[in-house]
Amino acid sequence: MPAQTLTDVDRVRAKLDADEPLSAVDGLWLYNTCDIHTLGELANAVRERLHGRSAFYNINRHINYTNYCVLRCKFCSFYRPYKPRAAGGMESRPVGSPREHSGAEPDTAESTSEPIVDATASDAYELTIDEIVARANDAYSQGATEVHIVGGLHPKLPFDYYTDMCAAIHDACPHIHIKAFTAIEIIHFSRIAKPRLSIEEVLIKLREAGLGSMPGGGAEIFDDRVHDEAFQNKVGEQEWFDVHRTAHDLGIFTNATMLYGHVETRAERINHLIKLRDHQTQSLASSQAHFNCVVPLSFIPDGSDLAHLPGPSGLDDLKTLAIARLMCPNIPHIKAFWIMQTPKLAQISLNWGVDDIDGTVIYYDITKAEGGGNTTDQQLTVDKLQRLIVEAGCTPVERDTLYRPVNRTASTWSVEGETWSVVYQPNTCPLNNVDG
Ligand code: V47
């Protein structure tokens, strides 16, 4: 009914003008409205109030250190099981990935003997620290300001592997920002450390080793029903928030994700966003750090146990990004991760509340390239990122992980407020790459 529609939109508009938080009813109305132009206009108004026409990107590289995982999340096509070798079975290491780390093997329920990989999972891997440092170095020498590192919950790697990894990257690439480990990994580390460590102790040790901030993964949807249906064995929302609260109290900035388009309802998405907003209110009031951005992740069904589901449509992607902007006005940035929303939709979303489209990425293993077979080579050059932004009527701003502007020349980069600058090899800089 038109009269009802007018009342609803006026109510939402009035709340936004008065800086009042939107309710769950408002959020659902926004999802259910067919008027996506008004939705875009409202979300864009919040985006412009916060960031004007600036649109952020970074020069980064994602590194996934292992796809072995003790969890079996139904939405995930990335994990590979880690199984003990049957008697007389095959050699234990993934081809080309010799293990090389310090510290004792933690015991697990599966086996206390030398780790053995599942011979059936030929694409299972774990990277050595040398391999990880080589990737970080490669990125650094091409001008990257960030490495984004996450992996599966490996049953055998000791806590030292993760601190050694950060320390080795920090030594080799002193100014690269290490954004690493989801809340789920942090909890895993606290359990495998010998002796066991608290979340706070884990975070302090990682920060001492070079960790700069944390990505937002592992949040999925904060709801018991969805949890039981799609990721039953993963820790729940309470634990996820505890890790982020501890990080914020320690002054470690983090991001927050929402994985949408699988078995959850729209109401459950809205509740998820309200929980993030409420947490942010607390962090802003009493912590040294807070969430920098919300990253709504569009579910990619291929290869997962939920492959029979269609995944979100383009319209659902656009609405969800805009609604994230409107429901969480106290979280500074909304990121469209182009790997999952596609570069085309990420570009359109820049006028629907989004102000950040992530970065060059280079290689992404958690979900494979759409329509590209099984490839993990997924990169956008800086030239292409900038073109997407300019064509959307925005001003490209290269940022570092903490959203400080990056000053870049053809062979150096520095961050506003810092005295150092990094020299890199101009010939291999992604700035000079031309898209094929
Ligand atoms: O936690 C897993 C999600 C996350 C699928 O903080 C899937 O800046 C879609 O958190 N389809 C890891 N998503 C990635 C992540 C992330 C990515 C980019 C930027 C940031 C940031 C964080 O990926 C997992 C899970 O929620 N995921 N499987 C899938 N099939």
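We're numbering straight along the sequence, starting at 1. Read the numbers this way: they start at 1 and go in the same order the structure lists the ligands and their atoms. Values below: all heavy atoms of this structure, side chains included; hydrogens, waters and symmetry mates excluded.
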Does any N/O atom on K179 come nearer than 3.5 Å to any N/O atom on ligand 1? yes

Proximal atoms of ligand 1 relative to P215 (non-hydrogen, under 4.0 Å): 6 (O)

So does E264 pair up with R225, basic N to acidic O under 4.0 Å? no

Any non-hydrogen atom of M214 lying under 4.0 Å from ligand 1? no

Below 4.0 angstrom, N of the basic side chain to O of the carboxylate: do D305 and R72 qualify? no

Is it the side chain, the backbone, both or neither of F75 that has a heavy atom closer than 4.0 Å to ligand 1? both

Ligand 1 atoms in contact with N255 (distance to a heavy atom under 4.0 Å): 6 (O), 8 (O), 21 (C)

Side-chain H-bond candidate by donor/acceptor type, H248 with Q288, under 3.5 Å: no

So, D138 and R135, do they make that salt bridge, N to O below 4.0 Å? no

Counting from 1 in the order shown, the ligand 1 atoms closer than 4.0 Å to a non-hydrogen atom of F337 are 17 (C), 18 (C)

Taking distance alone, with N or O pairs closer than 3.5 Å, would you say H148 contacts ligand 1? no

Counting heavy atoms only, name the option from L259, D358, N292 that's nearest to atom 13 (N) of ligand 1. L259

Examine P301 against ligand 1 and note whether any of their N/O atoms are separated by less than 3.5 Å. no

Quick check on S304 - does any of its heavy atoms sit under 4.0 Å from an atom of ligand 1? no

Contact atoms of ligand 1, heavy-atom distance to G217 under 4.0 Å: 1 (O), 10 (O)

Short version for F299: what comes under 4.0 Å of ligand 1, heavy atoms counted, is both

Atoms of ligand 1 close to G218 [distance to a heavy atom under 4.0 angstrom, numbered from 1]: 1 (O)

Mark up the atoms of ligand 1 that fall under 4.0 Å of a heavy atom belonging to T257, in ascending order. 10 (O), 22 (C)

Ligand 1-proximal atoms of A219, by part, heavy-atom distance under 4.0 Å: neither

Which atoms form the tightest heavy-atom contact between I252 and S213, and what is the distance? CG2-CA, 3.9 Å

Could you pull out the closest heavy-atom pair between I339 and I300, with the gap in Å? O-CD1, 4.3 Å

With a 4.5 Å limit on heavy-atom distance, are the side chains of E146 and I178 in contact? no

So, E391 versus Q347: side-chain donor-acceptor pair below 3.5 Å or not? yes

Could you tell me how the ring of Y403 sits relative to the ring of H333: parallel (under 30°), tilted (30 to 60°) or perpendicular (over 60°)? parallel

Contact check, side chains of Y162 and H154, non-hydrogen atoms, under 4.5 Å: yes

Is the number of heavy atoms from other residues, nucleotides or ligands within 6.0 Å of NE2 (H170) greater than 12? no

Please confirm whether L297 comes under 4.0 Å of ligand 1, counting heavy atoms of the residue only. yes

List every atom of ligand 1 that sits less than 4.0 Å from any heavy atom of I300, numbering the atoms from 1 in the order shown and giving each element. 9 (C), 11 (N), 29 (C), 30 (N)

